[in-house]
Amino acid sequence: MKEITLTINGEQFKGKEGDTVLDVCEANNIYVPTLCHLKGLTDVGACRLCVVEIERERRPVPACTYPARDGLVIQTHNEKLEKYRRLILELLFTERNHLCAQCVASGDCELQSLAYKYQMDNARYPYSWPALPVDPVNDYLVIDHNRCILCGRCIRTCDEIVGVHTLDFGYRGWKDMVVADLNQSLGQSSCISCGACFQACPTGAIFSKSSAYKGRPEECQKVSSICPICGVGCKIEALVKDNRLVRIDSPDLTDNRGILCHKGRFVPLDRKYERVNTALVRNGRGKLESRPLSEAINIAAKKLAELKARYGNNSIAGIASSQASNESLKAFKEFIAGAIGSKLIDTLDGDIYRTIIQGINAYQEKAGLDTETSLEEILKADCILVAGANPLESHPVVGVYIARAARQNKAKLIVIDPTQNSFAYHTTLWLKPKEGKEALALSVLTKAILDKGSKKGSAQAKKIASSLKDINVKQGSEQVGIGVDALLEAAEILGKARYSIIIYGEGILQHKSPGLITSLLNLAAIARSQSTGKPRIISLKPKGNSRGAWDMGVANPSQSIMKNLTGNGVKALYILLADDYVDTSELPNLRKGMEFVVVQSSYLSSSTSKANVVLPSPIWAEVGGKYNTLDGVVKSTSRLIKSPDGIKTDSEIFREISKHMKK
Amino acid sequence: MAKVKVATVWLEGCSGCHMSFLDIDEAIIDLAKVIEFARSPITDIKEFVPVDVGIVEGSVGNTEEEEVLKELRAHCKILMAWGDCACFGGICAMRSTFDKEEVLRRGYIETESTYKGKIPCPPGVPALLDQVKPANHVVKVDCYVPGCPPESKAILYALNELLAGRIPVLPSDMMRFD
């Protein structure tokens, strides 16, 4: 890019063609006050605080929107400009109801900080005192229009960073205000509650119910970590005060793995479930009562050793939630294989793993999970096929990528799902196959692409083609309940796509049919424009560390151990739930035929209430650990807060039980 | 040298600014050597006499407050505003977004603990203004110490500046609105 030279405040500075005047100032550490400018967003020049004087311009111009040119002579600070800036601040303070003493953002407000900087100790203009609404309906966010300065940062963040574009300006002139969708309450709008607008808001106009009045940033400690909740692996920055999480922000909203969603930003701040704070042991009368951890460990170890001696090693099975960290899962695997000596270990999502891996292996021998592609590929795609998934719900940041690709990159979005489509605004085509006919629908679609003949034929493509030779698109479309025109249009889009990607999730995986996964891979392979390279496909896995648990071999790749526990002579279960809240809907028949059940969990649930011994687990924020993202990258979290007294890590508990079992 | 005469008034506010002033601890001993208070809630003197410095805490929300502030202005050479209420309207100004009648009805009749309420009316009590105003929207104000309440050190800084013959402007690091 061409280098340009500008004169700013009498000194020469270099910039690049395409920069704004503000870009050049910021790159050269020349302070220019801003309010409506936020790194990564398109500048709009709404607040006018960054006004500068430029030679041959009749009046001051906003630095954030003025293109830098070679030879510009700029003045960023002089008496007149400073006077204007203070005047703008006074106008902002008098336009709406900015009363800092009653504002949640006081002490963490860009408008207030600027007023301090400009020593704005009074406002000369008449106050408007408009009667403006407060919208508290959203679960996590409140919009208080009284404190809005109409900078539009929330709107641009919602549009450009999140891609959802729920927020925009409504009304005209001085009645202008931020509205959600067609002036709905935020809680009833298309808002996904990601909270990016809250982070972008320079005042207290958008605030979080979970963080309000818990502490000001200057009173808090800032800790960087990774959110392990859904497996996207977003970077987070947590504010901690008095061992309590006050606020979770993205360290950089422009970082794709830093957009965050409500699960990462808000849910960890509020305690939803009751913690297991002490060990619980079932007493003689059949009631769970609290016991010192060491005693409970002893009881569990003794009973496990006894059962092992009486019925053999494989009478004890281990089941883990894939929400646990790699460290916990590794220790668990070693504990079950070592101290217990049992071959029976699985994860709660083991069936999902087997479905995916068997589907992949049928497509290509031993291809493994690395067949899947990185999440960032979504942002490069010009055609996205979402099959049986609701990413905005299950993995919201993946949903954000899809919405952004569709909105900003004009990617074509095809949804295949009998019932749900959360991308109503963005969808090019929504194919609704009859329930249970998804696999056939995928095959018919693949065949339709092959029939168009626009793809080169590799060996793999020929193999797929021959497996589909008996399918007739017209007949098939009737069988699956999708109009032939829609199917052909989808085939046309996929066939012409330069960069297509397939995302599938729960809706596909619930059928537990590896054949469906193979069909998806076949479709992906045929839709690829080049006949070499791997098809781009991503599965949305059920738990935050599913990929970690599967990569480490905690889930059994060939068979489910859960199916016939008693028939296989299992007498005891050791269940590691860690900080996953798992009730008995995920663990049916927990006690059936079992002599002894140990549940290690952070939260009390219907699962813990059925155990003989409950051991406490710390939550992710209380221990640093490694987690694999759903696209297979290992990320490390850090410790944000301390565990309640007397809680040991999962690994420590396994070590102690092993030690006691040897006695 | 004659002592500097100061009058203070406490309008629509919580007296927090006066409390914050009294919170200057031992500095008040030195201050007492150079200033004396005329009309003030501190001295409980009610009559206005000409003073060098007038200080106003609180915003202007009714006709009496408006009158008192004008009296103070008429009797002082320099007028200083203390606190968010006097500088910007403050907490008291929260009512400005509502209709005056609605505010009175809510306060005197609809309050959950009120039985057979009645709205007090002039001339017995001063009438509410339609909106709450900061001091500088009623009279000319010469200097400001914002804060809710202002920190004692900010109040002391402003007084010392005045004693040194300068009109105080709080430095940025002493500015606060809460």
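Fair warning: this is a prediction, and the values are worked out from it, not measured in the lab.
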Open item on the list: Just checking F177(B) against Y116(A), ring centres under 6.0 Å apart?
Closed with: yes

TODO: Give a yes or no on whether the ring-centroid distance for F88(B) and H98(A) is below 6.0 angstrom.
DONE: no

Can you confirm whether more than 12 heavy atoms, excluding those of [X], are under 6.0 Å from its [atom1] atom?
X       : atom1 : result
Y157(B) : OH    : yes
K3(B)   : NZ    : yes
Y108(B) : OH    : no
E218(A) : CD    : yes
F169(A) : CZ    : yes
E36(B)  : CD    : yes

Task: Toward chain B, the part of F93(A) with a non-hydrogen atom under 4.5 Å - done: side chain

Open item on the list: For V145(B), which atoms come within 4.5 Å of any heavy atom of chain A: side chain, backbone, both, or neither?
Closed with: neither

Task: Contacting region of M94(B) [heavy-atom separation from chain A under 4.5 Å] - done: both

Roughly how far, to the nearest 0.5 Å, is the [atom2] atom of [Y] from the [atom1] atom of [X]?
X       : Y       : atom1 : atom2 : result
W129(A) : R95(B)  : CH2   : CZ    : 10.5 Å
D178(B) : Q102(A) : CG    : CD    : 11.5 Å
L170(B) : D121(A) : CG    : CG    : 6.5 Å
N136(B) : R124(A) : CG    : CZ    : 9.5 Å
K117(A) : S172(B) : NZ    : OG    : 6.5 Å
M175(B) : M120(A) : CE    : CE    : 7.0 Å

Open item on the list: I'd like to verify something: which residue of C87(B), G89(B), A135(B), A86(B) has the highest number of heavy-atom pairs under 4.5 Å with chain A?
Closed with: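 That would be C87(B).
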
- [ ] Heavy atoms only, distances under 4.5 angstrom: which of L99(A), T94(A), N97(A), L132(A) has the most pairs with chain B? Name it, please.
- [x]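 The option with the most such pairs is L99(A).
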
Open item on the list: Would the distance check show the side chain of H137(B) and the main-chain N or O of Y127(A) forming a donor-acceptor pair, the cut-off being under 3.5 Å?
Closed with: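 No.
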
Open item on the list: Checking the side chain of T97(B) only, and the main-chain atoms of A131(A) only, is there a donor and an acceptor separated by less than 3.5 Å?
Closed with: no

